[in-house]
Amino acid sequence: MTKKVLVLPGDGIGPEVVAEAAAVLDCLRTDYGLAVELEYGLVGGAAYDVHGLPLPEETVRLAHEADAVLLGAVGGHQWESLPIALRPEKALLGLRATLGVFANLRPAVLYPQLASASSLRADVVAGLDIMIVRELTGGIYFGEPRGVRTLANGERQGFNTLVYSESEIERVAVRAFEIARTRARKVCSVDKANVLEATELWREVVTRVAGRYPDVTLAHMYVDNAAMQLVRAPKQFDVIVTTNMFGDILSDEAAMLTGSIGMLPSASLNETGRGLYEPIHGSAPDIAGQGVANPLATILSVAMMLRYSLEEPILAGRVEQAVGAVLDQGLRTADIQREGQPRVTTGEMGEAVVAALRARLS
Ligand code: NAD
């Protein structure tokens, strides 16, 4: 059966990198027989400019009809003065919530060819392969009550609520253990159980879930220590499972271990395997329109889509191998370029990946 993919290019470099990822999907369709149909929609600032809303009804409808959504990025200076509810970034939270994508998978993988691009010593990061599983639809980013109130003495007070129910913790923990079974079978659960009751419950539930996975080793770590360990000895980690806010921060830290934010994909999954796939970077207004953005994070997001939503693990591997092949050829966009290496544009990098995919067939 033909699978439907909704493509949401978004703002800034989003359309540039998504065009290359869509070309990869198109190559898989024409050359590898992948039964996939692409539809396009508006999101973020691009949607606001047309409909006055960052996440129009039409986009929500298309997202629900699709098997997977490929998103570029949203945001830009021109929309920064809008009220929060109309800002492009609001569309991300809305899409995640409406699709119920509670598990955000962010791999931090260091391609050996890029070891020198990391800010850490090559021996500390060589072979790095971490999967961060971040809870995405709960916790302090969604908890109520929230807001800014004025106290009796006239002073204003901001407040948010960190809240997790057992079922929310359990389903993301299950996802982490299942993924660990396809990898090195180690899960590290990150919390702040010594201070926050909500994460004391988090620790208890994750420990209970671990009982169903005797073949996977579970460790617990406080978030401050985890932040330190990620730069001290990152290779100790296999799968990290953590709350929405801790995962937000730790996954960006882990991303930098690999050298460039332009290399890292992500997947956000719901119970049924439907997913939202996007590079972890933003819309990069500083380089938008110049053709210099690295499209590999978005192309690798397509590989994750093939693996987790389209049930095409072999094609997922092909895309990852094609990315490895272009790096072997020495092709580098500006963000991962070192002296003496040829610099390619966004389009040239995308074309090289498609050529590498085709080369495997000839
Ligand atoms: P950013 O990720 O857009 O950019 C950070 C830095 O990384 C910039 O110097 C940028 O040029 C560089 N960079 C990012 N992606 C790159 C790529 N593919 N190739 C080469 N270099 C790349 O983060 P920011 O500057 O903090 O935010 C810019 C806008 O993006 C803001 O409006 C922000 O709200 C939005 N944002 C959106 C998302 C999303 O759509 N998921 C995520 C983060 C930020």
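What you see below is based on every heavy atom in this structure, not just the backbone, and it leaves out hydrogens, waters and symmetry mates. Numbers here simply count residues along the sequence, with the first being 1.
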message = Please evaluate residues R274 and D67 with respect to the criterion salt bridge (charged side-chain N to carboxylate O under 4.0 Å, His left out), reporting the C-alpha separation (whole Å), side-chain torsions for both, the decisive distance (0.1 Å), and the verdict.
response = CA-CA 6 Å; R274 184 184 290 155; D67 296 287; over 6 Å; no
request  = Give the other cluster members for L55, using side-chain heavy-atom distances under 4.5 Å between Ile, Leu, Val, Met, Phe, Trp and Tyr residues; answer none if it is isolated.
outcome  = L6, L8, V43, V60, L62, V69, L71, V74, L92, L95, L99, V101, L136, L276
query = Are L250 and Y222 co-members of a hydrophobic cluster defined by side-chain heavy atoms under 4.5 Å apart?
reply = no
Contact check, side chains of R181 and V216, non-hydrogen atoms, under 4.5 Å = yes
task = Using modelled atom types only, decide if a donor and an acceptor are shared between the side chain of E168 and the backbone of S165 within a distance under 3.5 Å.
result = yes
message = Does E65 form a salt bridge (charged side-chain N to carboxylate O under 4.0 Å, His left out) with R61? I'd like the steps, not just the answer.
response = CA-CA 6 Å; E65 284 171 11; R61 186 181 63 76; 2.7 Å; yes
message = Closer than 3.5 angstrom, by distance alone: can the side chain of T346 be matched with the main-chain N or O of A293 as a donor-acceptor pair?
response = yes
inquiry  = Does L151 have more than 12 heavy atoms from other residues, nucleotides or ligands lying within 6.0 Å of its CG?
reply    = yes
key: Under 3.5 Å: donor-acceptor pair, side chain of T298, backbone of V18   = no
key: For R149, side chain to side chain donor-acceptor pair (under 3.5 Å) partners two or more places apart   = Q157
Q78: side chain to side chain donor-acceptor pair (under 3.5 Å) partners, not counting sequence neighbours = none
inquiry  = Just so I know, are the side chains of F159 and P145 near enough to count as touching, which here means a heavy-atom distance under 4.5 Å?
reply    = yes
ask   = Less than 4.5 Å apart, any side-chain heavy atom of D252 and any of R106?
value = yes
task = Take L105 and I132 through the test side-chain contact (heavy atoms from CB on, under 4.5 Å) and record every step on the way to the result.
result = CA-CA 6 Å; L105 280 47; I132 297 189; over 6 Å; no
query = Judged by modelled atom types alone, do S309 and Y277 share a side-chain donor-acceptor pair under 3.5 Å?
reply = yes
inquiry  = Among V223, D224, I240, which residue satisfies the side-chain contact (heavy atoms from CB on, under 4.5 Å) criterion with F246?
reply    = V223
query = Is a side-chain donor or acceptor of T199 paired with a backbone partner of K192 at a separation under 3.5 angstrom?
reply = yes
ask   = Under a 4.5 Å cut-off applied to non-hydrogen side-chain atoms, are L196 and Y164 in contact?
value = no
message = With a sphere of 6.0 Å drawn around CZ of R212, does it hold more than 12 non-hydrogen atoms of other residues, nucleotides or ligands?
response = yes
message = Whether the side chain of T98 engages the backbone of G94 through a donor-acceptor N/O pair (distance < 3.5 Å, no angle test) should be reported.
response = no
request  = Take D129 and R183, measure what salt bridge (charged side-chain N to carboxylate O under 4.0 Å, His left out) needs, and give me the verdict at the end.
outcome  = CA-CA 10 Å; D129 182 358; R183 303 169 43 99; 3.2 Å; yes
note = Those residues at least two apart in sequence (or on a different chain) that pass ring pair (Phe, Tyr, Trp, His ring centres under 6.0 Å) with F177 are Y213
Report all side-chain donor-acceptor pairs from residues 311-325 shorter than 3.5 Å, counting only partners two or more places apart or in another chain.
unit_1: E320; atom_1: OE1; unit_2: R307; atom_2: NH2; d: 3.1
unit_1: E320; atom_1: OE2; unit_2: R307; atom_2: NH1; d: 2.9
unit_1: Q321; atom_1: OE1; unit_2: R360; atom_2: NH1; d: 2.8

task = Start with the C-alpha distance between E16 and I13, add both sets of side-chain angles, then the distance that settles side-chain contact (heavy atoms from CB on, under 4.5 Å), and finish with yes or no.
result = CA-CA 5 Å; E16 300 170 45; I13 61 168; 4.1 Å; yes
message = If we ignore hydrogens and angles and just use 3.5 Å, is the side chain of S251 paired with the main-chain N or O of D248 as donor and acceptor?
response = yes
query = In Å, rounded to the nearest 0.5 Å, how long is the span from CG of L296 to CG of L327?
reply = 6.0 Å
request  = State, with a plain yes or no, whether a side-chain heavy atom of P234 is found less than 4.5 Å away from one of V124.
outcome  = yes
inquiry  = Looking at G75, is its backbone amide N or carbonyl O close enough to the side chain of S283 to form a donor-acceptor pair, meaning the two atoms are under 3.5 Å apart?
reply    = yes
message = Closer than 3.5 angstrom, by distance alone: can the side chain of S266 be matched with the main-chain N or O of E278 as a donor-acceptor pair?
response = yes
inquiry  = Before you tell me yes or no, could you show the steps for R358 and D31 under salt bridge (charged side-chain N to carboxylate O under 4.0 Å, His left out), namely the whole-Å CA-CA distance, both residues' side-chain angles and the distance that decides it to 0.1 Å?
reply    = CA-CA 7 Å; R358 294 217 162 105; D31 295 37; 2.7 Å; yes
message = Please determine whether residues M221 and V241 belong to a single hydrophobic cluster, defined as Ile, Leu, Val, Met, Phe, Trp and Tyr linked transitively by side-chain heavy-atom distances below 4.5 Å.
response = yes
task = Output the distance between atom CZ (R175) and atom CD (E170), rounded to the nearest 0.5 Å.
result = 13.5 Å
ask   = Between W202 and T243, is any side-chain donor less than 3.5 angstrom from a side-chain acceptor?
value = no
task = Give the cluster check for L93 versus L82: same hydrophobic cluster or not, with ILVMFWY residues linked at side-chain heavy-atom distances below 4.5 Å.
result = no
message = Run the side-chain contact (heavy atoms from CB on, under 4.5 Å) test on L357 and Y32 for me, step by step, so that the C-alpha distance in whole Å, both residues' side-chain angles and the decisive distance to 0.1 Å come before the verdict.
response = CA-CA 9 Å; L357 276 170; Y32 284 81; 4.1 Å; yes
inquiry  = With a 3.5 Å distance limit and no angle check, can you tell me whether D11 reaches the backbone of A46 through a side-chain donor-acceptor pair?
reply    = yes
query = What is the distance from atom CD of Q337 to atom CZ of R343, rounded to the nearest 0.5 Å?
reply = 4.5 Å
task = Answer with yes or no whether the hydrophobic clustering places V353 together with V17; edges join I, L, V, M, F, W, Y residues whose side-chain heavy atoms lie under 4.5 Å apart.
result = no
query = Would you call T333 and V292 a side-chain contact if the rule is heavy atoms closer than 4.5 Å?
reply = no
key: Electrostatic pair R185:D238 at N-O distance under 4.0 angstrom   = no
query = So, W79 and D49: side-chain donor and acceptor under 3.5 Å apart, yes or no?
reply = yes
ask   = Shared ILVMFWY cluster between M256 and L264, side chains joined below 4.5 angstrom?
value = no
inquiry  = Assess the residue pair M349 and V326 against the criterion (side-chain contact (heavy atoms from CB on, under 4.5 Å)); give the C-alpha distance rounded to whole Å, side-chain angles, the decisive distance to 0.1 Å, and a yes or no.
reply    = CA-CA 8 Å; M349 187 60 114; V326 300; 4.0 Å; yes
query = Does the side chain of P279 come within less than 4.5 Å of P265's, by heavy atoms?
reply = no
request  = Say whether T59 and H51, considering side chains only, have a donor N or O and an acceptor N or O under 3.5 Å apart.
outcome  = no
query = Would you find more than 12 non-hydrogen atoms of other residues, nucleotides or ligands less than 6.0 Å from R156 atom CZ?
reply = no
message = Restricting to side chain to side chain donor-acceptor pair (under 3.5 Å), what partner residues turn up for N160, sequence neighbours left out?
response = none
message = Distance check, rounded to the nearest 0.5 Å: R203 atom CZ versus D191 atom CG?
response = 4.0 Å
inquiry  = Are the side chains of E80 and R87 in contact, using a 4.5 Å heavy-atom criterion?
reply    = no
ask   = When rounded to the nearest 0.5 angstrom, what distance separates CG in L110 from CE in M263?
value = 9.0 Å
query = Is it true that atom CD of E144 has more than 12 heavy atoms of other residues, nucleotides or ligands lying nearer than 6.0 Å?
reply = yes
key: Gap separating the CG atom of L25 from the CG atom of L306, nearest 0.5 angstrom   = 6.5 Å
request  = State whether the side chain of K186 and the backbone N or O of Q236 hold a donor-acceptor pair below 3.5 Å, judged by distance alone.
outcome  = yes
